[in-house]
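Here is the structure we will look at.
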Amino acid sequence: MPELPEVETTKNGLIPAAENTKVSDLIVRCKALRWPIEKNLSILTKNQPIISIERRGKYLLFRLSNGTIIFHLGMSGHFKVCDKSVPLKKHDHIDIELSNGKILRYNDPRRFGACLWTEGDPLCHPLLVDIGPEPLSRAFNAGYLLKNCKNKKANIKAVIMNSKVVPGVGNIYASESLFLAKISPLTKACDLTENQASNLVKAIKSVLKKAIKQGGTTLKDFSGTDGKPGYFAQKLKVYGMAGHKCTACNSEIEKIVLQQRATYFCPNCQKATN
DNA sequence: ACATTGACCTGGGAGC
DNA sequence: TGCTCCCAGGTCAATG
């Protein structure tokens with residue numbers, strides 16, 4: 001489910017609920033998500049003020065006064081803001097109860113998500129330390145992308161989905177960005193021209209920004225912290241549109257499989273360069 | 001160092 | 001109705 005816009009939407013929903021509060025209690029109802037959950041998490045976080053809630057790539061950082069809870073939503077994770085009286089649903093794995101009475105409730109059917117505790121700088125955590133610059137920052141630019149494509153034989157779609165190059169671009173937005181930039185997903189990264197790199201960077205930024213404005217993309221599981229879906233699914237040009245007409249040239253959108261992932265593109269607008 | 005594949009889970013839909 | 005199979009927004013770990 002969640003790529004950068006969905007995580008950003010989640011963060012934006014959590015912040016107003018958690019501002020100027022403390023963790024009054026934290027309840028974990030499963031042993032592990034992707035990784036085991038710190039057994040003492042409840043004790044460690046009790047009565048700790050929430051300093052901030054931040055996003056880095058697809059990770060959510062709950063900075064407390066004595067450490068940080070690092071969340072990743074995996075494929076099916078989502079947060080809901082509610083109060084104690086709301087009955088539990090299946091797969092409600094974690095409740096962060098706040099001193100204002102609200103609960104940040106984490107639900108994750110597939111349990112591919114993560115909930116980790118760190119007392120050091122969370123940006124230096126092994127999972128975060130090697131990830132690339134934020135796609136919406138100036139550090140993510142054509143020169144940077146080109147440098148990271150050099151000598152790489154992998155296709156360009158794999159490269160922009162590699163969080164060590166740039167985090168936050170998942171399977172949906174990779175297809176959408178390549179369509180907008182008119183680059184074939186099959187293009188070898190090392191063959192990317194300066195012009196293409198520039199167009200691709202612009203396309204990624206544009207697609208992500210628009211998706212954030214729409215509250216993300218809901219195909220199935222995702223909802224914002226208010227339970228409402230994201231509306232970017234209605235704006236998708238190629239993802240999930242196999243057999244439909246391209247909005248630019250009227251050709252038929254094709255679906256192929258790359259790195260075992262569904263990949264959608266317009267064979268006419270996104271011609272392979274070799 | 002890079003590229004590819006399997007693994008982790010559950011649920012929903014298609015097809016029989 | 002119920003079974004089996006396939007697919008799904010992520011990404012780490014192991015392999016070549």
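Protein chains get the first letters and strands the later ones, always in sequence-line order, with residue 1 at the start of each.
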TODO: Take atom P in B/dC9 and the same atom in C/dC3, then report the distance between them in whole Å.
DONE: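 These two P atoms come out 24 Å apart once rounded.
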
Task: Presence of salt bridge, A/Lys102 and A/Asp83, under 4.0 angstrom - done: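 No salt bridge links A/Asp83 with A/Lys102.
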
Interatomic distance, [X] [atom1] vs [N] [atom2] [rounded to whole Å]:
X: A/Met161; N: B/dA3; atom1: CE; atom2: P; result: 15 Å
X: A/His72; N: C/dT11; atom1: NE2; atom2: P; result: 4 Å
X: A/Lys150; N: B/dA3; atom1: NZ; atom2: P; result: 15 Å
X: A/Met75; N: C/dT11; atom1: CE; atom2: P; result: 10 Å

Task: Same apolar cluster: A/Leu60 and A/Leu98, side chain cutoff 4.5 Å - done: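 Yes, one cluster joins them.
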
Students often get this wrong, so: under 4.0 angstrom with heavy atoms, is [X] touching a base, only sugar-phosphate, or nothing?
X: A/Tyr239; result: sugar-phosphate
X: A/Phe232; result: nothing
X: A/Ala158; result: nothing

Taking atom [atom1] of [X] as the centre, report whether more than 12 heavy atoms of other residues, nucleotides or ligands fall under 6.0 Å from it.
X: A/Gln259; atom1: CD; answer: yes
X: A/Lys22; atom1: NZ; answer: no
X: A/Lys237; atom1: NZ; answer: no

Task: Where protein sits on nucleotides 7-15 of chain B, one letter per nucleotide: B base, S sugar-phosphate only, - none, heavy atoms under 4.0 Å - done: -BBBBS---

Open item on the list: Check the orientation of A/Phe71 and A/Phe79. Use parallel for under 30°, tilted for 30 to 60°, and perpendicular for over 60°.
Closed with: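 Perpendicular, since the angle between the ring planes exceeds 60°.
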
TODO: Apply side chain to side chain contact (heavy atoms under 4.5 Å, CB included) to the pair A/Leu186 and A/Ile256, showing each step before the final yes or no.
DONE: CA-CA 10 Å; A/Leu186 293 157; A/Ile256 57 173; 4.1 Å; yes

Open item on the list: Applying a 3.5 angstrom cut-off to the pairing atoms, does DNA chain C sit in any stems of at least three consecutive Watson-Crick or G-U pairs? List them by first number.
Closed with: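 The stems are B:2-8 with C:10-16, B:10-16 with C:2-8.
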
